[in-house]
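Naming convention: chains lettered A, B, ... in sequence-line order (proteins, then strands); numbering from 1 in each chain. Below, each value reflects all heavy atoms present in this structure, side chains not excepted, and no hydrogens, waters or symmetry copies.
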Amino acid sequence: MNNSDAESFMELRDVNKTFRLPSGEVRALDGVSLGIEKGALVALVGPSGSGKTTLLNIIGALDKPSQGEVLLERVRIDRFSEEQLVQFRREKFSFIFQDAKPLRMLNVLENTLLPFTFFKPKHGNGSIKDVAIEIIKSLGLGHRIYHMPSQLSGGEIQRVAIARALITHPAVILADEPTANLDRDNRLFVIETFKRLSRERGITIVFSTHDLEIANSSDRIIQMKDGVLLKDGSSLCPPCPT
Amino acid sequence: MNLLSLASKDIMRRKGKSVYLLTAMLTPVVILSTILLTVDNADRSLSALASKFGFTLTVQPKNIKVERIDQIGVVIDEYLPETVIKSIDEIIRSRTGNKKEVIIIAPRIYQRTDTLIRRLSVSTVVAGIDFRTERTAKPSWHLSSGRWPMGDEETIIGGAFARANNLSENAVISVDGRTFMVAGILENYNVSEDYMVFVPFSVLQDIFGKIGFVSLVNVQNVTLDRDRNLLRDVIDDLNNSIPNIKTLLPQQFSTMKYVLLKKTFKFLLSIVAATVFISIFAIFNIVTSVLYSRTREIGLLKTVGASRSQLLVMLLGEYSAMGLAAGIAGYPIGMVMTYILDSFVLNLGVGVRFSLTVLLAAIASGILCSLAAGFYPTYKLSGIKISDSFRTQWEV
């Protein structure tokens, strides 16, 4: 299931990404090719500046590669217009960012339902509010439904982000450092939730992390350095730099 | 939850910054409201002034011989038929669109004659006037003593004439054998009227056998006072339509002041325009600063599916709502400012009146200023790449 698998759900072919900065050009990704099967739980590891976030952005069509192809279900999404990308993200992707905290003026339920401020739910069975409450409860926040973000702990805030990601029934969840700044219990809760979603709902989850324990809990670990894939396997190699 | 409720929650969350922004938006609205309300007040004040300071035009006989002009400046022994009054009224009504504004027509008849004062004969210009009409046209006409005449045997006299002849109220004078009691003495205005004796119009016509004749006809109309082009047209019309008359345009204080104030208001409005322009820059800076702090929030909204147009609607909706609030709040502040300006500087003396037009202008200016200032930074930010929103500095 490694690298360019013809049957991959998601595929990157020889992707390069270069940023032009005042100090010169920086190559964030250099000839990255990989395939990810549906329902996989994939961890991206590597030191800061290795290209993990850039890779996540390109997989999630948040950024376009300077060179190469990005395919989802055999459709090249790197050629999509902005309008197509907006629609595509709504249907396929959810994102969890370390910095993307819930909106402070909305309570937990409203934050969970935030995506439906901008588009209609695609599933019509039952009240979407009931679905949201169900998701919130499944993440252990049943007692926090109407609480404001200022009343939540760091771990609870991250669970709100997960709830918001799940409400749209995405095919793919991309998470950038989702366990950063969390204590061990919350880190384990997040990764266990990811494993459950991957296993039970078939959601493809790709996340970046510095946490080796969390990375080792995933199905697949992709190690990166200087924009290049160092290793792609089911466990970390001891000498690999992190 | 829809876009606008999300926007309103965001305004409420950022109370401090919202108040700061609202204050900046208030500035042009308050200035605009103040100026427009002052212009409105001045317009009403000038209507009052126009009626206070005399007549709009004077119709008198054409081709007056020089020797007919008396030493105090009035025309003696030249007459028009009284029927011109009806013609004048018809022409002015038709040209001013038959508005309900009052057209005051005050005919006068002058005669120089000898009056008998304490057995002394004094050469005097006697004016026959309709006291009620003259007082309506000139509310500033005041008596220094006495009262206005109530009957055909009563007269009022000019202040200079009274002083020169040592006359006071209740004195008796005789005009061509007809006795009159001095009911009141006019204040001095440094005009020819200071030297005249005034008796009822029809009485003077009767005394001198001039029934059906007038020396001149004074006309006052506010519409004509305001519109000098229309006034010129009316004068042309009168001169061309009625034979043997000449219409004069007294350079009246009211008209001159009106024109002067109109120019002043144009200048003030240009200051408003400049203030609005500067305020837009101030609002622009604040909006940019506020938006800068919301970069990550915008990125988050985009990740959950917000399109650029939805973000534009949401953010511009916020600024429009604040512009609306600035318009509504700025108007009463403008009224207070107008009151203060009127009380301590302009002294227009007509008070401050609610004006729906100015209120709507204030609201429109609030919304337009906020949109004009907010559009560019909002457009720029709504187009930011999600990946950039979480890790780079955003610059307008």
S.K.: Take atom CD in A:Gln84; do more than 12 heavy atoms of anything else shown fall under 6.0 Å from it?
M.R.: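 More than 12 within 6.0 Å, yes.
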S.K.: Need one label for A:Arg104: side chain, backbone, both or neither, based on atoms under 4.5 Å from any heavy atom in chain B.
M.R.: both
S.K.: What part of A:Leu56 gets closer than 4.5 Å to chain B, counting heavy atoms only: side chain, backbone, both or neither?
M.R.: neither
S.K.: If I take atom NZ from residue A:Lys64 and atom NZ from residue B:Lys385, how far apart are they, to the nearest 0.5 angstrom?
M.R.: 9.5 Å
S.K.: Using the side chain to side chain contact (heavy atoms under 4.5 Å, CB included) rule, take B:Leu301 and A:Leu114 through it: C-alpha gap first, then chi angles, then the decisive distance, then the call.
M.R.: CA-CA 8 Å; B:Leu301 295 178; A:Leu114 183 61; 3.8 Å; yes
S.K.: Which bit of A:Leu113 is near chain B, if near means a heavy-atom gap under 4.5 Å: side chain, backbone, both or neither?
M.R.: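 No part of it gets close to chain B.
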S.K.: About how many Å separate CG of B:Leu311 and CZ of A:Phe118, when rounded to the nearest 0.5 Å?
M.R.: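 One gets 6.0 Å once the value is rounded to the nearest 0.5 Å.
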S.K.: Which pair of non-hydrogen atoms, one from A:Val86 and one from B:Ser307, has the smallest distance, and what is that distance?
M.R.: CG1-CB, 4.0 Å
S.K.: Decide if atom CE of B:Met337 counts as having more than 12 heavy atoms of other residues, nucleotides or ligands within a radius under 6.0 Å.
M.R.: no
S.K.: Where on A:Glu110 is there a heavy atom nearer than 4.5 Å to chain B: the side chain, the backbone, both, or neither?
M.R.: both
S.K.: Heavy-atom distance under 4.5 Å to chain B: side chain of A:Thr117, backbone, both or neither?
M.R.: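 A:Thr117 touches chain B through backbone and side-chain heavy atoms alike.
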S.K.: Within a 6.0 Å radius of atom OH on B:Tyr379, are there more than 12 heavy atoms belonging to other residues, nucleotides or ligands?
M.R.: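 It does not: B:Tyr379 OH has 12 such atoms or fewer within range.
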S.K.: Atom OG1 in B:Thr303, atom CG in A:Leu174: separation rounded to 0.5 Å?
M.R.: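 Going from OG1 on B:Thr303 over to CG on A:Leu174, the span is 11.0 Å.
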S.K.: Give a yes or no on whether B:Tyr339 atom OH has more than 12 heavy-atom contacts from other residues, nucleotides or ligands under 6.0 Å away.
M.R.: no
S.K.: Would you compute the distance between atom OG of B:Ser309 and atom CD of A:Glu83 and round it to the nearest 0.5 angstrom?
M.R.: 8.5 Å
S.K.: Counting only heavy atoms not in A:Glu134 (residues, nucleotides, ligands), do more than 12 fall under 6.0 Å from its CD?
M.R.: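 Not buried by this count: 12 neighbours or fewer within 6.0 Å.
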S.K.: Rounded to the nearest 0.5 Å, what separates atom CG in A:Asp63 from atom CG in B:Asp388?
M.R.: 7.0 Å
